[in-house]
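Below is one structure, written out as structure tokens; comments come after it.
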Amino acid sequence: MITGGKSFVTAPPAFSNDAKKLLICTGNSVSIFSTSTALQITELEGHTAAVTSVIVVPATTPAGKILCYCWTASLDGTIRYWDFSVPESIKTIDIRFPIHSMVIPGLLGKLSGGNKKPLDLFAYVSAEAANKQKKEPTVSDGQVKKKQRNALGGQILKCNLTESHLVAGATLAETPKPEFITISPSGEYIGIQEKRKLRIWEVPGKDSERASYKKIRLHHTKSFTALAFHPTERIIAAGDTTGRILIWRGFGNRTFSAGVVMDEDERPGVREDDDADSCTTWHWHSAEVKILFFSADGAYLYSGGKEGVLVVWQLDTGKKKFLPRIGSTVFYFTSSPDPSLSSISCGDNRVHLLQMPSMEIMKSISGIKLPGSVPELIKGPCSNLVFDYAAGLVAIPSESYCIQVFSLFDNREITEVQVCERNHQPGDEVTVVLNLVSLSLDGSLMSTVETRLSEEGIGGLVSLKFWARGPQSKDFSLSTIVYEPHRDAGVSGFAFHPTRRMAVSSSTGGEFKIWVSNYKIQQRDQKFQNTGWTCHAIGSYKKKPMTAVAFSFDGSVLAVAAAMVITLWDPEKNVLVAVIGESLEPIVSLSFIGKSEYLVSASRGSSPQLSVWNMSKLSASWSYKLHTEAVACTHDDSFFAILALLPKSTKLEDSSESILHDVDGSILLFNVGDPVPVATWFVRKAKGGGLAFIHNNPGLSANDTSDGKPAQVLLAYINGDHEYVLFHPHGEQASKHAVTHRESHTELEDSGRYGYASIYGELPEYKLMEDETPKAPLVPSGRPWETIFSGSSHNLPPLPKLCSVFLESLLERRTTVVE
């Protein structure tokens with residue numbers, strides 16, 4: 001079994017002491033990436049719920065940079081200590097409360113001198129806890145009764161990491177919900193933002209289980225969203241929901257150091273009785289501030305938010321410079337022990353590695369694109385997932401109007417296709433929607449359908465685009481654009497021919513079109529010219545809306561859904577062959593089941609239906625009343641699988657088994673001749689999910705066999721959050737060969753590879769085709785001075801030889817006359 005698709009931006013990452021590794025929280029594990037290659041090296045596995053914090057133990061001496069130890073906290077209620085060079089879990093502490101955030105001041109205190117005598121190490125955690133039971137009114141038998149329920153709240157707790165237990169009675173604060181804890185670079189202060197106030201504690205210099213704490217509160221008129229401490233001075237910065245940044249100087253002088261109490265007139269900008277000398281407000285961001293971070297020397301303040309811009313403020317003057325066009329919301333800024341390297345985590349599930357201080361993006365660690373929102377006024381298919389069966393890839397539309405091609409085996413991005421340009425702006429209205437994406441069987445062709453929304457009924461446009469890539473290229477290039485392919489109607493379905501450069505598109509306007517590619521091959525370098533797609537034929541059936549299309553495995557039959565019936569066509573002659581079936585709702589999906597004579601259709605609505613049709617008998621074989629979200633068919637045998645949504649009345653929400661909690665869908669595996677499922681799996685987040693059979697070896701094509709046996713396939717399921725799992729559909733675990741695709745990049749650090757091979761691996765051996773173009777005979781030129789000096793200087797003959805030939809060419813030759 002292979003899993004992936006986790007978010008990379010749920011928690012701040014952490015650099016190793018030598019800045020060569022970056023630790024990122026990814027679901028229940030911590031993924032470790034190389035900062036030089038941006039590829040995953042290894043993984044820390046052991047937590048049973050999402051990891052929310054990772055803290056690397058800093059080195060106290062230059063020789064200690066080789067040490068690789070870290071602490072992690074998770075929603076499973078445990079804190080773990082790791083040696084991530086192995087990787088191996090050394091220690092586990094169970095506090096029995098889900099942990100949302102954790103800081104360890106003692107690790108930072110050692111850097112600033114610390115104590116000569118080793119003391120206990122303490123962590124401060126923001127954890128969930130059951131608040132006092134709240135009573136809610138309920139109605140029973142006409143009388144109002146009080147029902148008790150446990151409401152989850154948040155607490156700031158103290159944990160002794162040395163002795164592996166929570167400190168009794170050491171609850172620093174109780175909050176309505178768990179809050180993120182921010183720690184100062186020196187480890188002297190910790191703080192949280194709670195709505196319109198900041199709560200700040202001074203950590204004792206000699207921390208112990210009986211230590212007492214001094215605390216202050218700072219207030220504001222808007223809710224806080226970000227917090228940062230100055231590395232050397234008592235300066236604190238906080239951002240709010242309106243984009244303002246507030247900077248308090250001299251905070252805690254009265255409480256923490258018993259300073260002189262100043263009058264309100266002497267404390268400009270400070271509200272009420274807040275303990276600070278002054279408060280300054282900066283405003284550039286148009287939306288809420290997501291991150292604040294001081295530079296190591298304290299001279300600069302970094303800020304970021306929904307604009308997708310990183311702003312650098314000069315603390316003394318307020319002057320600023322920018323890193324624009326990041327393209328997504330900035331969530332976290334992380335510095336490394338190497339002052340020339342930092343990282344930013346962004347809302348498009350990417351972590352960018354920055355060259356400091358120029359802030360140039362050197363490399364990006366890209367996770368799977370997260371699902372986006374679709375306007376309610378858009379009807380029909382939107383943002384579907386399509387798979388490359390042979391290569392183990394999935395194409396995912398994103399909110400930034402691009403298509404991400406993602407490897408399910410390697411859990412990394414292969415390439416990205418920008419369908420149309422978009423300037424990221426916070427809160428901007430969606431003007432373009434990617435309706436459909438389709439891939440050819442060999443993965444060399446792709447089509448996209450985009451709808452440009454109209455403004456007040458003016459300016460709407462539907463575009464069909466064809467893309468192609470060469471045999472040795474991973475990037476798609478635009479081949480053809482067709483504006484309004486079906487007049488004023490949208491595109492409801494699209495499919496490529498399995499063996500030819502032919503495609504078909506359907507429309508709710510009552511027609512389908514067959515497209516062919518006119519291409520030629522250049523004989524000299526064996527490359528494709530700029531090909532073009534043209535309309536070959538148009539078909540319709542009783543002016544009914546065409547809602548889905550599919551080719552048979554050999555491309556000899558074209559199935560087109562005309563509302564609630566299925567029409568069969570000869571794609572070469574564009575002749576109607578037969579009409580079968582009739583469903584209660586319009587058909588939205590058609591799929592031929594491998595090389596068999598069966599076709600599966602799915603319809604949705606108030607009376608959803610899954611039907612299997614026999615092509616030889618032109619009749620229904622069997623059907624179910626199911627809401628089908630996705631259908632996947634094998635290419636070599638007669639199995640198919642569906643992703644079905646469970647009705648609300650049958651959801652297993654009240655089940656006593658926690659494993660069935662939040663289950664809202666199921667995967668059913670069928671043999672086409674038997675209506676009884678071969679296997680069933682219950683899944684979560686099925687709405688918006690996808691399903692596909694994937695070749696176990698991405699290096700083989702769909703028709704390749706090994707040892708005379710059909711190549712093994714895996715079933716891939718992607719849920720609505722784009723988390724995925726690959727497993728053997730017949731109960732066996734994924735073979736070792738499949739797992740090696742995920743681990744193929746883990747040995748790059750120690751394999752001795754350098755340069756190109758360290759990033760992309762060894763180049764395969766290709767047998768170059770000889771140029772069959774007849775070569776023109778070489779004829780000595782009568783004007784050698786025009787070509788004698790052509791070419792690179794290091795390839796020219798010696799100067800004496802050049803001069804003699806050149807001077808000889810200038811002399812006029814006399815013809816000898818023989819008498």
Side-chain angles (χ1 to χ4, degrees), residues 381 384-395 408 437-443 493-499 504 547-561 566 568 580-581 587-603 609-616 620-624 626 628-644 666-681 689-696 700-704 710-718 724 726-730:
N384 58 322
L385 304 171
V386 293
F387 297 84
D388 185 343
Y389 166 82
L393 307 177
V394 59
L408 298 177
V437 182
S438 300
L439 283 174
S440 61
L441 186 61
D442 60 359
F494 194 95
F496 281 102
H497 194 282
T499 58
V504 60
T547 54
V549 292
F551 281 101
S552 61
F553 78 96
D554 59 357
S556 60
V557 179
L558 170 63
V560 182
I566 302 174
L568 303 178
I580 61 174
I587 297 171
V588 297
S589 173
L590 288 175
S591 300
F592 283 91
I593 304 174
K595 299 179 180 179
S596 68
E597 57 183 9
Y598 292 92
L599 173 72
V600 58
S601 67
S603 58
Q609 187 175 350
L610 174 75
S611 303
V612 176
W613 308 89
N614 190 317
M615 294 294 97
S616 61
S621 179
W622 51 269
S623 64
Y624 279 111
L626 290 173
T628 307
E629 189 73 9
V631 178
C633 300
T634 57
H635 293 258
D636 301 320
D637 51 34
S638 58
F639 286 93
F640 73 97
I642 68 165
L643 174 62
S666 62
I667 300 176
L668 305 176
L669 178 66
F670 291 98
N671 191 331
V672 67
D674 188 357
V676 179
V678 177
T680 303
W681 301 271
L691 203 63
F693 286 95
I694 301 296
H695 204 289
N696 195 15
L700 299 177
S701 66
N703 298 322
D704 286 341
Q712 188 183 25
V713 295
L714 302 176
L715 185 58
Y717 165 62
I718 299 183
Y724 67 84
L726 274 66
F727 61 96
H728 196 288
H730 298 285

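Throughout, residue positions are numbered sequentially from 1 according to the sequence presented. Hydrogens, waters and symmetry mates are skipped; everything else that's a heavy atom, side chains included, is used.
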remark   = To the nearest 0.5 Å, atom CD1 of Ile580 lies from atom OG of Ser611 at 10.0 Å

ask   = Side chain of Ser438, backbone of Ala495: donor and acceptor closer than 3.5 Å?
value = no

ask   = How close do Lys595 and His635 get, heavy atom to heavy atom, and via which atoms?
value = CG-O, 3.9 Å

request  = Mind listing the closest non-hydrogen atom pair of Val437 and Val386 along with its distance?
outcome  = O-CG1, 2.8 Å

key: Which atom of His695 lies closest to which atom of Ala390, heavy atoms considered   = CB-O, 4.0 Å

key: Chi angles and distances behind the side-chain contact (heavy atoms from CB on, under 4.5 Å) call for Asp637, Val713   = CA-CA 11 Å; Asp637 51 34; Val713 295; 5.7 Å; no

note = Ser589 meets the side chain to side chain contact (heavy atoms under 4.5 Å, CB included) criterion, sequence neighbours left out, with Ser591, Ala602, Val631

ring-ring contact (aromatic ring centres under 6.0 Å, His included) involving Phe494 - partner list, sequence neighbours excluded = Phe466, Phe496

query = Got a second to check how far Ser623's OG is from Trp613's CH2, nearest 0.5 Å?
reply = 7.5 Å

key: Asn614 and Ser616: side chain donor to acceptor below 3.5 Å   = yes

ask   = Between Phe553 and Gly594, which heavy-atom pair has the shortest distance, and what is it?
value = CB-O, 3.4 Å

inquiry  = Which heavy atom of Pro498 sits nearest to which heavy atom of Gly555, and what is that distance?
reply    = CG-N, 3.5 Å

message = Name the residue from Val612, Leu590, Ile593, Val672 that meets the side-chain contact (heavy atoms from CB on, under 4.5 Å) definition with Leu599.
response = Leu590

query = Just how far is it from atom CZ of Phe640 to atom CG of Leu691, taken to the nearest 0.5 Å?
reply = 11.5 Å

ask   = Quick one: ring-ring contact (aromatic ring centres under 6.0 Å, His included) partners of Phe639, sequence neighbours excluded?
value = His730

query = For the ring pair Trp681 and Tyr717, is the centre-to-centre distance below 6.0 Å?
reply = no

Ile694 side, atom CD1; Leu714 side, atom CG - distance, nearest 0.5 Å = 8.5 Å

message = I'd like to check Thr547 versus Val588 (side-chain heavy atoms, cut-off strictly below 4.5 Å). Are they in contact?
response = no

Spacing of Leu610 atom CG and Ser603 atom OG [to the nearest 0.5 Å] = 8.5 Å

inquiry  = Once rounded to the nearest 0.5 Å, what's the spacing between atom CZ of Phe693 and atom CG of Asp636?
reply    = 11.0 Å

query = Of all heavy-atom pairs between Leu568 and Met615, which one has the smallest distance, and what is that distance?
reply = CD1-SD, 3.8 Å

request  = Determine whether Leu393 and Leu439 make a side-chain contact, defined as any pair of heavy atoms from C-beta on separated by less than 4.5 Å.
outcome  = no

request  = Check whether any side-chain N or O of Tyr624 sits under 3.5 Å from a backbone N or O of Pro675 as a donor-acceptor pair, and report yes or no.
outcome  = yes

